[in-house]
Amino acid sequence: MMNNQVTDRLASTKFLLVITGAGISAESGIPTFRGNEGLWKNYRAEDLATPHAFARDPETVWEWYDWRRGIIGRAEPNAGHLAIKELEELFDNFLLITQNVDGLHGRTGIRNMVEIHGNLWRVRCTREGKTSMLMDVPLKSVPPKCECGAVLRPDVVWFGESIPSLALEKAFRVIEQCDTLIVVGTSGVVYPVASFPETVKNNGGFVIEVNVEPTPISAVADASLYGNSGDILPMLVKWLRRKRQEG
Ligand code: BV8
């Protein structure tokens with residue numbers, strides 16, 4: 001049962017912003033970061049996803065990414081990813097900001113997207129800075145090397161690294177302009193993205209949270225829809241399509 005506040009708001013929304021976290025990929029079989037299955041039991045993302053860890057032990061960091069790429073390489077976008085692609089089609093002004101580096105949103109053909117923490121299928125030369133896609137699963141060598149001989153790193157944003165300025169500027173612009181935000185599958189603990197829902201709210205925007213459980217975002221949200229994003233998002237799309245047909 002969709003709550004009227006949410007459906008009325010979506011029906012009158014001019015600019016929709018969607019923010020996703022690891023939870024939207026959970027139903028594709030990809031472990032989340034802070035769920036009890038954990039991304040890699042004996043390691044925390046905060047311990048491995050850092051420039052310090054990579055400088056100290058690039059092999060272990062790359063083993064972790066190779067393991068994740070193996071899981072993600074077998075995964076498919078789920079109904080939640082596909083529903084967000086449909087939301088893009090339903091709103092003239094739309095942006096998806098994803099914290100996920102798994103590339104699953106991109107595989108739905110979505111266009112207006114910012115991968116604010118990068119993409120683990122893209123690599124960057126630690127000497128030249130140039131990026132390229134590296135799709136090998138498993139990796140042929142760990143760590144992988146550039147033609148110039150330097151070590152390649154995953155082209156993702158690690159803890160302690162700044163978000164690329166272009167991505168951040170685009171995100172801040174849309175946070176100012178959007179009138180509704182749907183925030184999906186994030187525990188709301190990683191900054192600066194964790195601050196975005198409150199900023200939208202302070203700008204007079206309407207915040208809808210989709211999660212299986214309450215998070216710090218629940219206190220900010222105008223409405224929290226608790227359940228699997230793979231169930232809730234398609235329901236929202238179905239309702240919106242019916243509303244548009246009724247005129
Ligand atoms: C920055 C890429 C400026 C890598 C990621 C001390 C020193 C330096 C920085 C800091 C510091 N203290 C704080 C900071 C800031 C730091 C930060 O926020 N730390 C946290 C831990 C407190 N942030 C940064 O460093 C950022 N940069 O601030 O730059 C700066 C620079 C220098 C010094 C100071 C400041 C960069 C952060 C980016 C880190 N990179 N990923 C990689 O993935 O390999 S973060 C990583 O966490 C992923 O991107 C992930 O997406 C993200 C957030 O996690 P979630 O997506 O929310 O996932 P989580 O598992 O937590 O939650 C899943 C949710 O889904 C749950 O709520 C669950 O209930 C729900 N769920 C589960 N199943 C479902 C579901 N919901 C719906 N349906 C389901 N089926």
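Every number for a ligand or one of its atoms is a count from 1 in the order of the listing. Heavy atoms only: backbone and side chains are in, while hydrogens, waters and symmetry mates are out.
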Quiz item: Of the choices E115, R68, Q99, which has the non-hydrogen atom that lies closest to atom 43 (O) of ligand 1?
Solution: R68
Self-check item: Proximity to ligand 1 by part of A26, non-hydrogen separation under 4.0 Å
Solution: side chain
Quiz item: Of the backbone atoms (N, CA, C, O) and the side-chain heavy atoms from C-beta on, which set of V101 has a member under 4.0 Å from an atom of ligand 1: side chain, backbone, both, or neither?
Solution: side chain
Quiz item: What pairs with A79 under side-chain contact (heavy atoms from CB on, under 4.5 Å), at least two apart in sequence or on another chain?
Solution: P234
Quiz item: Evaluating non-hydrogen atoms only, which member of W64, Y65, Y191 is closest to atom 18 (O) of ligand 1?
Solution: Y191
Quiz prompt | Numbering as shown, the atoms of ligand 1 that approach E213 to under 4.0 Å (heavy-atom distance) | solution = 69 (O)
Let me have the donor-acceptor pairs involving side chains of residues 15-22, under 3.5 Å, with sequence neighbours excluded, atom names and distances please.
| unit_1 | atom_1 | unit_2 | atom_2 | d |
| --- | --- | --- | --- | --- |
| T20 | OG1 | T98 | OG1 | 2.7 |
| T20 | OG1 | H105 | NE2 | 2.9 |

Exercise. Please determine if E46 has a nitrogen or oxygen closer than 3.5 Å to a nitrogen or oxygen of ligand 1.
Key: no
Practice problem: Can you sort out which atoms of ligand 1 are near G21, meaning under 4.0 Å from one of its heavy atoms? | Solution: 56 (O)
Quiz item: Could an N or O of ligand 1 be found under 3.5 Å from any N or O of H117, whether backbone or side chain?
Solution: yes
Quiz item: Can you tell which part of E27 has a heavy atom less than 4.0 Å from ligand 1: side chain, backbone, both or neither?
Solution: side chain
Quiz prompt | Ligand-side contact atoms (ligand 1) for residue partner G185, heavy atom cut-off under 4.0 Å | solution = 63 (C), 64 (C), 65 (O), 76 (N)
Quiz item: Does I175 belong to the same Ile/Leu/Val/Met/Phe/Trp/Tyr cluster as V183, with side-chain heavy atoms less than 4.5 Å apart forming each link?
Solution: yes
Quiz prompt | Of the listed options I30, V184, V193, V189, closest to atom 20 (C) of ligand 1 (non-hydrogen atoms) | solution = V189
Practice problem: Using a 4.5 Å cut-off on heavy atoms from C-beta on, say whether the side chain of F54 contacts that of V151. | Solution: yes
Quiz item: Below 3.5 angstrom, do we get any N/O pair linking P192 and ligand 1?
Solution: no
Quiz item: Are any of the N or O atoms of V156 closer than 3.5 Å to those of ligand 1?
Solution: no
